[in-house]
Amino acid sequence: MKKKFWSLRKAALLLSAALMLCTSVVPVYADDDDDEEMEIDYASDEWKYHIRGELNRYYTDLKNLYSLSDEKIQKMDRIYNSAMTYMANAGLTISELSAYETEVEGYLLEIAGENTTGTETFLMLSNEVPISDASYGEQTYVVLSLINMGKTDITDVVITPTVSNDRTKWPFDIEQAYDAQCVQLLQASDDTADAYGKRMDIGWSFTVREDVMTGCYPLTFHAAYYQGGSPVETDIVTYINIKGENPSEKLIEDTDKQSSNPRIIVTGFTTEPETVYAGSTFMLTVSVKNTSEETTVKNVLFNLEATVEGSDSTATYAAFLPTSGSSSVYTAAIAPGETYNMSIEMEAKSDLAQKPYVLTVDMKYDTDEQINLSDTANVSVPIKQESKLDTSSFEVMPESIAVGEQTNVMFSIYNTGKTTLYNVKVSYKSDTVDESLTYLGNISPGATGSVDSMVTGLAPDMGEGLVTAVISYEDESGNETQLEKEFSLYVYEESYDDIGKDIYYEDFETDGEEQASGAPVAVIVLCAAAAVVAVIVIIAIAKKRKKAKQLREELDMLDDDDGDDLS
């Protein structure tokens, strides 16, 4: 099946191509008889690059829009790669190249759409607009709150009410041909909260029929839009509670039923804790309402079924599992207009990606006159991945420095989680060294960031010679986290002895040429002596600290022995 609709970008592309053809064709002379011919205007490399880019974007959108199996992806890859090679090398005009690209898109769409269940559409109604109530003869305003739960923008949305003369299907007077409502753009969303923030509300004003029956009416609206450049059509259903003039005249679905069916709808949900991380346990509370004004529903059984993950049919699993082993919740009855909050403890799989997961709520219930009635609703639970990192051992060269000197601190930061670490930076916290801030930027999952800092000594160390490295990073919401790691670095106050003074003055007491030639030698000897003194001081400090530590340990052991004897 080929595509029946052209996207707006295709129309624009063909129009541009036609304009180029009109302006770029030039006459050439075939012979001396001034016979003119029109030169064939083959697509330039720039046009080929542009149209091949269009095909690439279309194929990427298809992959985002549909849940494709590995078999479908392999089949579509063969067609896509062959088409890209052909368009890069074939001698085609712009119109021929565009027509070929459109034909390839049709093949790709046909493969992607085989045996789908319709779950690839992401245009939905948010639950932030409550079900409205109206009475016979009144004017009411019906609002559709549209959200895009997909990762691709939805454009050119046209929504039309599905009107009927049957009062059981359409409770409003048909006073005119109702205009379609249009929405230019529904932006793609990162999660449920983002989708709700980008929602678009549209509405219609209706007058309720005088002969309307009492009940909860489903209102169907037809939606046509583009997603990823592909045309999509679907129906959107909302509800309205209507009160008729005759309370005993109830809404029925067919002549065999004696009363209207009560409806149970999901009005919202909460999680405890509010943010759910992969691998964690959480309490899910779903609020459901009996929309009937007179009928009590009984023997209500709720069954919660999470999205099935895994590309291999032999290795699929549910995104959420109940901790009790049962995904069903039962309540004896829900009175008319009453809201029931059902709670169930669930565990999110540890390897879930960071995104919203759909949880289907199947509801079965009875009334005094009917049994085995059912309704279905969906809730979307956002899952977060906890950020994780680790570090390598610290390399400090040298491990002891004097005040005012610098040392090189090097180590690696490993992102061991499944989310990106943003704005990673390292600073040093100590009274003996400066902060030496080092900025690493973002570290992707599984990637490594390398720290290479130059740290300057500020004051001599009076403690154990430890410096704290503070690693800070942000999550995708901008929340900062800090991790501290300690490493050894001694800072001491440099001291000088009078070693070398005698050599310096003795060499410079000689006269004439002997004094002139001896001065450089004295300077060299003095520098060497200073270096020896520095090494001796460092070794002495280290030995002094080691002996002090051993002495403290021996004193602690003696105190322990004395305590044992006393006891």
Side-chain angles (χ1 to χ4, degrees), residues 123-147 157-183 199-224 234-268 287-297 334-339 363 365 367-370 373 375-377:
L123 181 65
M124 301 175 64
L125 293 179
S126 75
N127 58 5
E128 295 182 349
V129 176
I131 300 297
S132 57
D133 299 307
S135 298
Y136 64 97
E138 292 182 349
Q139 267 203 334
T140 186
Y141 196 71
V142 176
V143 177
L144 299 183
S145 183
L146 304 175
I147 59 175
V157 185
V158 180
I159 299 182
T160 310
T162 304
V163 179
S164 173
N165 284 320
D166 188 346
R167 65 173 182 167
T168 64
K169 296 180 180 178
W170 189 254
F172 308 120
D173 287 332
I174 303 176
E175 301 172 340
Q176 59 184 10
Y178 293 108
D179 294 333
Q181 296 280 354
C182 300
V183 176
R199 77 177 198 182
M200 298 292 291
D201 294 341
I202 58 175
W204 291 261
S205 180
F206 298 121
T207 301
V208 182
R209 296 170 61 132
E210 293 286 348
D211 61 346
V212 73
M213 295 181 292
T214 300
C216 181
Y217 286 78
L219 303 179
T220 303
F221 294 80
H222 182 73
T234 188
D235 286 335
I236 298 175
V237 180
T238 188
Y239 296 90
I240 185 170
N241 294 315
I242 300 292
K243 182 178 180 181
E245 183 178 13
N246 184 1
S248 62
E249 191 175 10
K250 305 291 184 63
L251 176 66
I252 59 174
E253 293 185 3
D254 56 50
T255 56
D256 295 332
K257 294 184 179 180
Q258 300 301 315
S259 63
S260 62
N261 286 344
R263 297 285 182 182
I264 302 179
I265 63 172
V266 173
T267 59
S287 301
V288 295
K289 181 180 180 181
N290 177 7
T291 60
S292 175
E293 295 182 355
E294 297 181 356
T295 305
T296 299
V297 293
I334 304 177
E338 183 183 21
T339 296
M363 300 170 279
Y365 52 94
T367 66
D368 291 334
E369 299 178 353
Q370 301 175 67
L373 298 176
D375 275 310
T376 302

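When reading the values below, keep in mind they use all heavy atoms of this one structure, side chains included, and skip hydrogens, waters and symmetry mates. No experiment lies behind these values; they were computed from the predicted model shown.
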Please check: side-chain N/O of [X] versus main-chain N/O of [Y], any donor-acceptor pairing under 3.5 Å?
{"X": "Thr220", "Y": "Thr162", "result": "no"}
{"X": "Thr238", "Y": "Leu219", "result": "no"}
{"X": "Asn290", "Y": "Thr295", "result": "yes"}
{"X": "Thr214", "Y": "Gly244", "result": "yes"}

(request) Please list, chain by chain and in numerical order, all residues satisfying salt bridge (Lys or Arg N to Asp or Glu O under 4.0 Å) with Asp235, sequence neighbours excluded. (result)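 With neighbours one apart ignored, the set is empty.
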(request) State which residues pass salt bridge (Lys or Arg N to Asp or Glu O under 4.0 Å) with Glu249; sequence neighbours excluded, sorted by chain then number. (result) Arg167
(request) Specify whether Phe206 and Phe172 have parallel, tilted or perpendicular ring planes, treating 30° as the upper limit for parallel and 60° as the lower limit for perpendicular. (result)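 Parallel.
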(message) With side-chain contact (heavy atoms from CB on, under 4.5 Å) as the criterion, how do Leu144 and Phe221 come out once you've worked through the C-alpha distance, each side chain's angles and the decisive distance to 0.1 Å?
(response) CA-CA 9 Å; Leu144 299 183; Phe221 294 80; 3.8 Å; yes
(message) Per the salt bridge (charged side-chain N to carboxylate O under 4.0 Å, His left out) rule, what does the pair list look like for residues 202-214, sequence neighbours excluded?
(response) Arg209-Asp211
(message) Looking at every non-hydrogen atom in both residues, tell me the closest pair between Val208 and Asp173 and how far apart they are.
(response)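 Where Val208 meets Asp173 most closely, the heavy atoms are O-OD2, 4.0 Å.
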(request) For residues Thr296 and Pro336, report the shortest heavy-atom separation together with the two atoms involved. (result) OG1-CD, 3.3 Å
(request) Verify side-chain contact (heavy atoms from CB on, under 4.5 Å) between Val288 and Thr267, making sure each step is shown before the conclusion. (result) CA-CA 6 Å; Val288 295; Thr267 59; over 6 Å; no
Taking the side chain as every heavy atom from C-beta outward, state whether [X] and [Y] have any atom pair closer than 4.5 Å.
{"X": "Val297", "Y": "Leu373", "result": "no"}
{"X": "Leu251", "Y": "Ile242", "result": "no"}
{"X": "Val266", "Y": "Ser287", "result": "no"}

(message) Which residues pass the side chain to side chain contact (heavy atoms under 4.5 Å, CB included) test with Gln181, not counting sequence neighbours?
(response)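 Per chain and number, Gln181 pairs via side chain to side chain contact (heavy atoms under 4.5 Å, CB included) with Ile202, Trp204.
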(message) Suppose we screen for side chain to side chain contact (heavy atoms under 4.5 Å, CB included). Which residues come up paired with Asp201, at least two apart in sequence or across chains?
(response) Val143, Ser145, Arg199
Interatomic distance, [X] atom [atom1] to [Y] atom [atom2] [nearest 0.5 angstrom]:
{"X": "Ile334", "Y": "Lys289", "atom1": "CD1", "atom2": "NZ", "value": "12.0 Å"}
{"X": "Lys250", "Y": "Glu294", "atom1": "NZ", "atom2": "CD", "value": "3.0 Å"}
{"X": "Leu125", "Y": "Ile147", "atom1": "CG", "atom2": "CD1", "value": "8.0 Å"}

List the residues meeting side chain to side chain donor-acceptor pair (under 3.5 Å) with [X], not counting sequence neighbours, and say none if there are none.
{"X": "Tyr365", "result": "Asp375"}
{"X": "Asp166", "result": "Thr168"}
{"X": "Thr339", "result": "none"}
{"X": "Thr376", "result": "Asp362"}

Without placing hydrogens or testing angles, list every side-chain donor-acceptor pair under 3.5 Å for residues 132-142, not counting sequence neighbours.
unit_1	atom_1	unit_2	atom_2	d
Asp133	OD1	Asn241	ND2	3.0
Glu138	OE1	Ser135	N	3.2

